[in-house]
Amino acid sequence: MRKPVKKAIFPVGGLGTRFLPATKAMPKEMLPVVDKPLIQYAVEEAKGAGIEEIIFVTGRGKAAIEDHFDISWELQKTLEARGKDQELATLAKIASEPGQISYIRQQEALGLGHAVWCARHLIGDEPFAVLLADDLILAKEPCLKQLIDLHQDVGGNVVAVQDVPKDQTDRYGILDVVNDDGRVAKAKGLVEKPSPDVAPSTLSIIGRYVLEPDVLHELDRKEKGAGGEIQLTDAMARTIDRLAFHDLRFDGTRFDCGNKSGFLEATVAFALEREDLRGAVLDIIARYGAANLTQDNDISAKVIEVCK
Ligand code: G1P
């Protein structure tokens, strides 16, 4: 019997420099896709996968995340007094059991591996999940649930993957694959952000992991890797000779909300999923599409035309 995966780490200490000025005083994880912060999508995915303990690894300037997952008495009382049942139900969905969420400070931004390592005492000796909120996943079955189901079958370390264009390997952890049935692959090595000419494949790690505690012991070494940072990929790679390493091409679509075009696409895709917004979004897309916008148009003139 394998130990169940009940704890998840959410590294949320990053500065979010790619979204300045929006992220000057607001955590990037609080940026909303439609009307929900990125971090809430990730937490809901984890809960939908059976996670019971949520661990945020935060940094300075991230207090809004703690407030978001706390009760807001003033807001709640005001909504109750005004009979705003729908809004109250929306708030109720964010609620957690007392003690279900922990916050750990990562004092210095030393890398993803270091962020995960900061939570080691709360993980102890059991398998755990890691979710990166920047990777937003639209799926019928939560991506993390798909990974946990695979972990129950095969054990070891399990990560979500997708194929990326060859010229983008230097943005991801890339796998060196031995067996690949098209859905599940087994890796014999992995490397963080290799340049395209040396990348062993184009199969890249997406921000969902189910890991054995051995990875935390590897992180104790605090060895620096790509970009001078302590990399989670390197710690996982060092366990490969003794622990199976499986990768899952999950069912679902991943949006890279760490960059602006990915974030915009996620906003459109998630709005189209919403019955109350679908009509309006389709209308917007049709109008802008019909305006035949191209790189060398006088865009602002055309936008004004479309918005009339
Ligand atoms: C991190 C990981 C990388 C992974 C990526 C997925 O990189 O280090 O291995 O492929 O997340 O989004 P980051 O995007 O934090 O640079």
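Since we're looking at a predicted model, the values are computed, not measured. Counting starts at 1 for both ligands and their atoms, following the listed order. Reckoned from all heavy atoms, side chains included, excluding hydrogens, waters and symmetry mates. One-based numbering along the sequence shown.
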Practice problem: Just do the side-chain contact (heavy atoms from CB on, under 4.5 Å) check on Arg18 and Asn259 with the steps written out, would you? | Solution: CA-CA 7 Å; Arg18 276 187 277 178; Asn259 79 58; 4.1 Å; yes
Quiz item: Which of these passes side-chain contact (heavy atoms from CB on, under 4.5 Å) with Val158: Val184, Leu150, Ile148, Val5?
Solution: Leu150
Self-check item: Contact residues of ligand 1 (heavy atom under 4.0 Å), by chain and number
Solution: Leu112, Leu132, Asp135, Tyr172, Gly173, Glu192, Lys193, Ile205, Gly207, Tyr209, Gln231, Thr233
Self-check item: With sequence neighbours excluded, residues passing salt bridge (charged side-chain N to carboxylate O under 4.0 Å, His left out) with Lys260
Solution: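 With neighbours one apart ignored, the set is empty.
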Quiz item: Does Arg242 pair with Asp214 as a salt bridge, N-O distance under 4.0 Å?
Solution: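 A salt bridge is present here (some side-chain N lies under 4.0 Å from a carboxylate O).
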Practice problem: Evaluate the criterion side-chain contact (heavy atoms from CB on, under 4.5 Å) for residue pair Gln40 and Ile94; output intermediate values, then yes/no. | Solution: CA-CA 8 Å; Gln40 195 183 331; Ile94 312 173; 3.6 Å; yes
Self-check item: Parallel, tilted or perpendicular: rings of Phe10 and Phe56 (30°, 60°)
Solution: tilted
